[in-house]
Structures are given as structure tokens and as C-alpha cells.
Peer 1: 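Dropping a structure here in C-alpha cells format, bear with me for questions.
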Amino acid sequence: MNNKPRRKIPFDELIACASCDWLHFRPIIEPGSRASCARCGHELYTRKPFSIDRTLAAALAGLIFLGLSLSLPFLSLSSGGISSSISVLDAVGALWDSNMRWLGLMSLAMIALLPTLRLALLVWVMLRLRFRLGVKHSMRVAMRWADWMEPWAMAEIFMVGVVVSLVKVSDLATLTVGPAFWSLLGLILTTSLISIFLCKDSVWQLLTTRSA
Amino acid sequence: MATSHDSLGLTAQQAGLARCGHCGALHRLSAESQCRLCGASVRSRKPNSLQRTWAFLIVGLMAYIPANLYPIMLTTSFSGNTSDTILSGVISLAQSGSVFVALVVFVASVVIPVAKFVIIAGLALSLHFRWAMSENKRHVLHTITELIGRWSMIDVFVVAVLAALIQLGAILTIEPGVGINAFALSVVFTMFSATSLDPRLIWDGVDRGE
């Protein structure tokens with residue numbers, strides 16, 4: 001880097017809009033409010049109260065719900081003396097067994113692997129921030145991955161699919177929902193809480209300034 | 001709210017800066033290709049945004065045709081075998097009296113995919129031919145397509161759950177049909193298409209003075 005800048009650019013005091021690239025000085029905002037782009041109105045960043053604590057709590061709860069959802073039976077049905085009971089992973093297995101292995105693997109990733117990994121990464125980063133255990137570079141990579149995974153973690157969409165399936169077979173057989181059904185509902189609740197509580201820009205600021 | 005007082009009156013690109021798409025850190029244009037904070041590759045604009053958008057969109061569109069023609073679900077029972085396509089599944093749901101659920105499936109499997117094809121193609125064309133359209137409207141449309149696309153996966157999960165649950169031997173068995181493969185592909189590729197479209201291109205037209 002021979003071409004030294006003529007003037008030092010105050011990177012930390014500037015922010016560009018993710019949606020239209022418009023450059024702003026970081027406005028100082030009060031906790032609980034958000035700063036928006038002056039040109040397109042897209043959110044620049046937010047300051048949410050107790051963001052780390054609340055996100056940590058929600059992500060931990062989500063991880064527990066997800067563990068329960070994957071290990072317990074979630075639907076059982078009986079018709080004409082025959083009964084069957086399935087877990088979430090059986091739904092993935094049904095695709096795998098019908099020679100749709102890639103679709104089975106993709107569903108497994110969307111319903112189980114990506115949500116688990118994302119929650120685990122969030123818990124780890126939030127724990128280290130909460131208890132001031134020091135910033136590691138891997139925490140930034142973890143936040144980047146968690147960000148990337150967000151649209152592909154589809155546990156809540158799976159749940160809507162389950163409800164539709166329930167309606168579809170309700171006149172064919174007697175259906176009973178198992179404990180995993182309710183823990184999946186809990187997972188959806190905690191996932192939406194995370195998106196309410198998590199203040200990404202604050203986390204990135206913490207990961208920048210406390211760098212070792 | 002940020003007021004105009006906080007704005008510098010130019011884009012990061014015009015100021016010779018590029019924003020990391022993941023953590024938002026600013027970088028000198030072309031000085032670094034990797035974000036010093038989070039390690040993601042930093043580009044001022046997504047490379048080949050329009051080409052990628054079109055490529056993914058066309059694959060998504062192509063997959064959507066067999067998704068609707070082939071059955072997504074095969075039902076075997078003692079009273080005979082039936083197969084359901086996406087549309088016939090919606091119709092049979094509506095006929096059994098579950099109009100609301102039928103509507104949910106119809107929106108997820110038909111309205112959202114078709115709306116996405118139209119909106120993404122429209123946005124890409126508007127950028128290509130530099131149509132005079134309100135930036136704010138296009139911005140809203142782009143945000144919507146990114147948010148709603150994933151909900152189309154509902155039908156895939158319905159088929160997976162039913163195929164796992166309804167295994168009652170000779171009485172009633174449900175198996176996934178090949179159409180669901182094509183449908184899942186279509187959803188995934190249109191999701192790629194939506195994320196490939198860089199919303200900053202919409203506003204670059206303003207900066208060129210158009």
C-alpha cells in the first residue's frame with residue numbers, strides 16, 4: 001500500500017446505507033430508536049435496550065426448544081386400528097426414502113442443521129460479549145455466518161407446513177399432536193424474539209472496539 | 001430518524017469507499033478485497049448482479065413448469081390410486097371445506113412464485129433499459145421479494161410430513177411425487193435470484209443524473 005491517503009478517513013464515524021449506498025455520519029441515537037437512511041429510508045442501524053442479554057436468553061431458549069423438537073415425537077395418527085407416530089426427522093427421512101435424497105438433505109439443513117448452528121453461534125457470541133470474555137476473530141466469522149444463515153433457517157415455515165398437513169388429513173384419521181409440536185411453536189416464538197432483540201450494528205461495534 | 005444533516009450528500013462509492021455486505025464496515029475502494037473486520041469479500045456492488053439475477057431467475061422459471069405439471073403427491077389406498085399436482089391439491093383442500101388453508105397454500109405455491117418471477121424480471125428489465133420508475137417503489141418491491149420467497153417452501157414440507165405420517169400399509173399410503181423436486185429447485189433458485197439483485201443498482205441511476 002504505497003498510495004497513502006492524503007487525509008485519514010474517519011471510518012468509524014461514517015456509515016453507508018446497505019440498500020442505496022448513501023453515506024452518512026453516524027447519527028447518535030437514543031436507546032430503543034433507529035436511524036434511517038436520509039435518501040431511501042432503509043434502516044441504518046438500531047440501538048436496542050439490553051440487546052445482548054435478551055438475545056442470549058432467547059437464543060438459549062431456542063436451542064432448548066429445538067433440541068426437544070428434534071428428539072420427541074411430534075405427530076401421531078390412528079385410523080382403523082393402525083397408528084403411527086413421527087418425529088421431525090421422519091419427515092426428512094420420508095423424502096430420503098423416496099429417492100429424493102438431495103431434497104431430504106436440503107430439508108434436513110433447513111429444518112434442523114441451519115437453525116441449530118445459527119442459534120449455537122449466536123449463543124456463543126452473546127455469551128462471550130455478555131461476560132466480557134474478550135473478542136476473538138472467530139466471533140466475527142460466527143456473526144457473519146449467522147447472518148448468512150438467517151433466510152435459510154426455515155423452522156417456522158416447516159411449522160406452517162405441519163399445520164396445513166394437519167388440516168389435510170383431519171378427516172382421514174384421528175390426529176394427536178405430540179410434545180415436539182409445542183416445542184416447535186416455542187422455537188418460532190424465540191426465533192422471532194431474536195429478530196426483535198438482536199441489534200446487529202451494536203454487536204459489530206462491540207466486536208470492533210473490543211478487538212484484542 | 002436520521003435527518004439530512006447527517007447525510008454527506010454522496011454515495012460511499014462516489015467517496016471512494018465500499019461497504020462490507022455483512023458487517024457494514026467501510027473500506028477504501030479496491031484497496032482491500034477482504035473485510036478487515038469479518039473476513040467477507042468486500043465489493044462496492046455485487047459483481048455481475050444482473051447476469052446472475054437473470055440466470056437464477058430463468059432456471060427458477062424453468063423448474064416451475066414441471067413443478068406444476070407433474071404430481072407432487074401420490075396417494076395409494078384400497079379405493080384406488082390418486083395423484084395431486086400443486087393446483088389439484090389446493091382445489092381438493094378448498095372442496096373439503098378448508099378454504100382458508102387452501103388459500104394459504106395457493107398463495108405460497110402459486111401467487112408468491114409468480115409474483116416473484118414478474119417482480120424480479122421487471123426490476124432487472126427496469127435496470128437494464130433504465131426505465132424511469134420511482135426508486136422508492138422499486139426499493140420496496142425488492143425488499144418484498146427478498147422477504148416472501150422462502151415461504152414458498154410450505155408445500156415441500158407439507159408433502160414431507162404427509163409422506164412420513166401416512167404410512168398405513170394397504171389402507172392409505174402417501175408418497176412424494178417428482179413434481180416436488182422441481183418445485184423446491186424453483187424456490188431455491190428464485191431465492192438466489194432475489195439476493196443476486198443488488199438494490200444499490202436501483203439508486204445508481206439517480207447518481208448518474210437520470
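Just so you know, these numbers come straight off a predicted model, no measurement behind them. Quick note on labels: first sequence line is chain A, next is B, and so on, each numbered from 1. Side chains included, hydrogens not; waters and symmetry mates left out as well; all remaining heavy atoms used.
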Peer 1: So for B:I180, is it side chain, backbone, both, or neither that comes closer than 4.5 Å to the heavy atoms of chain A?
Peer 2: both
Peer 1: Do A:E156 and B:R150 meet the salt-bridge criterion of a basic N to acidic O distance under 4.0 Å?
Peer 2: yes
Peer 1: Under 4.0 Å between a Lys/Arg side-chain N and an Asp/Glu carboxylate O for A:D21 and B:R45?
Peer 2: yes
Peer 1: Between B:V104, B:T143, B:V188, which shows the greatest number of heavy-atom pairs under 4.5 Å with chain A?
Peer 2: B:V188
Peer 1: Can a donor-acceptor pair be found between the side chains of A:H24 and B:D6 at a distance below 3.5 Å?
Peer 2: no
Peer 1: Parallel, tilted or perpendicular: which fits the ring planes of B:H139 and A:H42, with parallel below 30° and perpendicular above 60°?
Peer 2: perpendicular
Peer 1: Looking at B:L162 and A:S165, what are the two nearest heavy atoms and their distance?
Peer 2: CD2-CB, 3.7 Å
Peer 1: Who in residues 177-192 of chain A is close to chain B, using a strict under-4.5 Å heavy-atom cut-off?
Peer 2: none
Peer 1: In terms of heavy-atom pairs under 4.5 Å, which option from B:L185, B:T195, B:D198 contacts chain A the most?
Peer 2: B:L185
Peer 1: Please answer whether the main-chain N or O of B:C38 pairs with a side-chain N or O of A:R144 as donor and acceptor at a distance below 3.5 Å.
Peer 2: yes
Peer 1: If I measure from the heavy atoms of chain A, does B:L37 come under 4.5 Å with its side chain, its backbone, both, or neither?
Peer 2: both
Peer 1: Which residue out of A:D201, A:I111, A:V92 racks up the most heavy-atom pairs below 4.5 Å with chain B?
Peer 2: A:I111
Peer 1: A:F158 vs B:W151, test: ring pair (Phe, Tyr, Trp, His ring centres under 6.0 Å). Steps then yes/no.
Peer 2: CA-CA 9 Å; A:F158 177 73; B:W151 286 94; over 10 Å; no
Peer 1: Count the heavy-atom pairs under 4.5 Å between each of B:A40, B:A184, B:G24, B:A163 and chain A, then report the option with the highest count.
Peer 2: B:A40
Peer 1: Counting only heavy atoms closer than 4.5 Å, note whether B:N136 contacts chain A via side chain, backbone, both or neither.
Peer 2: side chain
